[in-house]
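Values below: all heavy atoms of this structure, side chains included; hydrogens, waters and symmetry mates excluded. Letters A, B, ... mirror the listed sequences (proteins, then strands); counts begin at 1.
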2 protein chains.
Amino acid sequence: MVTSMSDGIEPSTKARESEVIDPRIEALVTELIGRVADKWTMILLEVFEEHGEQRFTQIARLVPDISQKMLTQTLRRMERDGMITRHVHAVVPPRVDYALTPLGSSLSEAFCGVWVWAAANLDRVERAREDFDAR
Amino acid sequence: MVTSMSDGIEPSTKARESEVIDPRIEALVTELIGRVADKWTMILLEVFEEHGEQRFTQIARLVPDISQKMLTQTLRRMERDGMITRHVHAVVPPRVDYALTPLGSSLSEAFCGVWVWAAANLDRVERAREDFDAR
DNA sequence: CGGTATCCGAAAAGATACTG
DNA sequence: CAGTATCTTTTCGGATACCG
């Protein structure tokens, strides 16, 4: 869809739709996918999309399996990538609110299809695994 | 987005949209996302979607950065999950063809939006990072 | 060709303790 | 509360050797 492969000449039997975009762009997109197609990133995007602005501890409660380290790390990276904002309130005890930016929101929407797919195909995958393991 | 409703009563201050789906289903969907939101899985799906049925060595050529080990591993897992088929031809030298199943194809489509997003927002992310690092 | 098996160093994730 | 620092464990990925 987005990748290229700059073949030379061949008439080729198929695979004739996209192709020949700048390999530099290709590499950057792939790097970005590698960054963004991360389990925790996807899950946090989803949490923000569903629950709106949240503070640190609340997020941790909504995602019980994430370690505090990974939560901090993922939030920091998402902030750096422009997905979320981080607002520190000067109160005691401290309060930090995280919220999606429009950019993060748009990515969340792009991932929406994957969530729908997962919910819809859960049982199919389950059965495929059973079939495979039965061999 | 996928999680859902059927809350009981409480008025609550906010966060009144989702909630209270079977936590078992929720956990399974999350596990499946964790499995599927993998860099190499995404990239291999994309390769199959673009280039159709491919044999092992050809895939390796199309994805130069993947190690043989990770390629085998990812293909095996995708086969187990019902995303791809694996056909061994009884010839010498051996020939093994991999191809998307309808299930894999549907996942690939679900991911399509993410690829489009990445290509479209590359520069925005780039600038966000520069801004962040400048602090 | 299309793998599997093994070893190994590097990187990522997890657990725990401490702090402004 | 919202982290950071540190330590341990797991996973990743390259290199190499070997097989049907």
Side-chain angles (χ1 to χ4, degrees), chain A residues 27 30-44 47-48 51-81 83-100 132-133 135, chain B residues 15 27 30-31 33-44 47-48 51-81 83-100 132-133 135:
Chain A
T30 301
E31 184 265 344
L32 186 53
I33 288 289
R35 172 75 59 95
V36 126
D38 166 74
K39 181 187 171 179
W40 295 128
T41 302
M42 263 190 80
I43 290 175
L44 289 190
V47 163
F48 286 122
H51 300 272
E53 187 174 55
Q54 293 291 321
R55 54 197 299 187
F56 190 86
T57 310
Q58 190 55 25
I59 301 169
R61 255 188 290 273
L62 291 169
V63 189
D65 286 352
I66 199 171
S67 67
Q68 195 187 38
K69 185 185 177 181
M70 287 308 295
L71 180 54
T72 302
Q73 224 174 78
T74 307
L75 287 172
R76 217 48 99 242
R77 210 170 38 198
M78 290 173 74
E79 187 196 356
R80 178 170 181 260
D81 288 348
M83 306 297 166
I84 57 174
T85 55
R86 176 173 181 270
H87 288 308
V88 183
H89 302 267
V91 298
V92 286
R95 179 196 179 95
V96 181
D97 286 327
Y98 293 91
L100 281 187
F132 185 91
D133 293 343
R135 294 185 269 156
Chain B
T30 300
E31 184 264 345
I33 289 288
R35 172 75 58 94
V36 126
D38 166 73
K39 180 189 172 182
W40 295 128
T41 301
M42 265 193 77
I43 289 176
L44 290 190
V47 164
F48 286 122
H51 300 274
E53 187 175 53
Q54 292 291 320
R55 52 197 298 186
F56 189 85
T57 310
Q58 191 56 24
I59 301 168
R61 256 190 289 275
L62 291 169
V63 189
D65 286 353
I66 198 171
S67 67
Q68 194 189 40
K69 188 180 173 182
M70 287 309 293
L71 179 53
T72 301
Q73 223 176 80
T74 308
L75 287 172
R76 218 49 99 239
R77 209 171 37 198
M78 290 172 74
E79 188 195 356
R80 178 171 183 259
D81 287 349
M83 307 297 167
I84 56 175
T85 55
R86 177 173 180 270
H87 287 308
V88 182
H89 301 268
V91 296
V92 286
R95 178 195 180 97
V96 182
D97 287 328
Y98 294 91
L100 281 187
F132 185 90
D133 294 342
R135 294 185 267 157

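- To the nearest 0.5 Å, atom CE of residue M70(B) and atom CZ of residue R77(B) are 6.5 Å apart.
- Atom pair I66(B):CD1 and dG3(C):P shows a separation of 13 Å (rounding to whole Å applied).
- Rounded to an integer number of Å, the gap from CD1 of I59(B) to P of dC1(C) is 14 Å.
- Heavy atoms of Q73(A) sit under 4.0 angstrom from primed sugar atoms or phosphate atoms, though from no base atom.
- Atom CE of M78(A) sits about 5.0 Å away from atom CD1 of I84(A), to the nearest 0.5 Å.
- Within 4.0 Å of D97(B), counting heavy atoms only, lies no atom of the nucleic acid at all.
- Here dG14(C) is the nucleotide among dG2(C), dG3(D), dG14(C) with the atom lying nearest to any side-chain atom of W40(A).
- A straight line from CE of M70(A) to C1' of dG14(C) spans 10 Å, rounded to a whole angstrom.
- For Q68(B) against dG3(C), a side-chain-to-base donor-acceptor contact under 3.5 Å is present.
- With rounding to whole Å, F56(B) atom CZ is found 7 Å from dG3(C) atom C1'.
- Considering every non-hydrogen atom in both F48(A) and I59(A), the closest pair reads CZ-CD1, 3.7 Å.
- One can place CG of L75(B) at 7 Å from P of dG3(C), the figure rounded to the nearest angstrom.
- Set against dG3(D), dG2(C), dC1(D), the side chain of T57(A) has dC1(D) as its closest nucleotide.
- Counting only heavy atoms from C-beta on, K69(A) has its side chain closest to dA15(C) among dA15(C), dT4(D), dG3(C).
- For the pair H89(B) NE2 and dG2(C) C1', the computed distance is 12 Å after rounding to whole Å.
- Here P94(B) lies in heavy-atom contact (under 4.0 Å) with a base.
- Rounded to whole Å, the distance from CD on Q54(A) to P on dC1(D) is 14 Å.
- Between dG3(C) and Y98(B), a contact under 4.0 Å exists linking OP1 or OP2 to a side-chain N or O.
- Across the protein-nucleic acid pair, R77(B) atom CZ and dG3(C) atom C1' stand 18 Å apart, rounded to whole Å.
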R55(A) vs V96(A), side chain to side chain contact (heavy atoms under 4.5 Å, CB included): CA-CA, chis, key distance, verdict: CA-CA 5 Å; R55(A) 54 197 299 187; V96(A) 181; 5.8 Å; no
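- The phosphate of dG3(C) has neither OP1 nor OP2 within less than 4.0 Å of any side-chain N or O from R55(B).
- For T72(B), whose side chain is taken as the heavy atoms from C-beta onward, the closest listed nucleotide among dG14(C), dA2(D), dT4(C) is dT4(C).
- Listed candidates were dG13(D), dG2(C), dA2(D). Nearest to the side chain of R86(B) is dG2(C).
- Scanning both residues, Q54(B) and G52(B), for their nearest heavy atoms gives CG-O, 3.2 Å.
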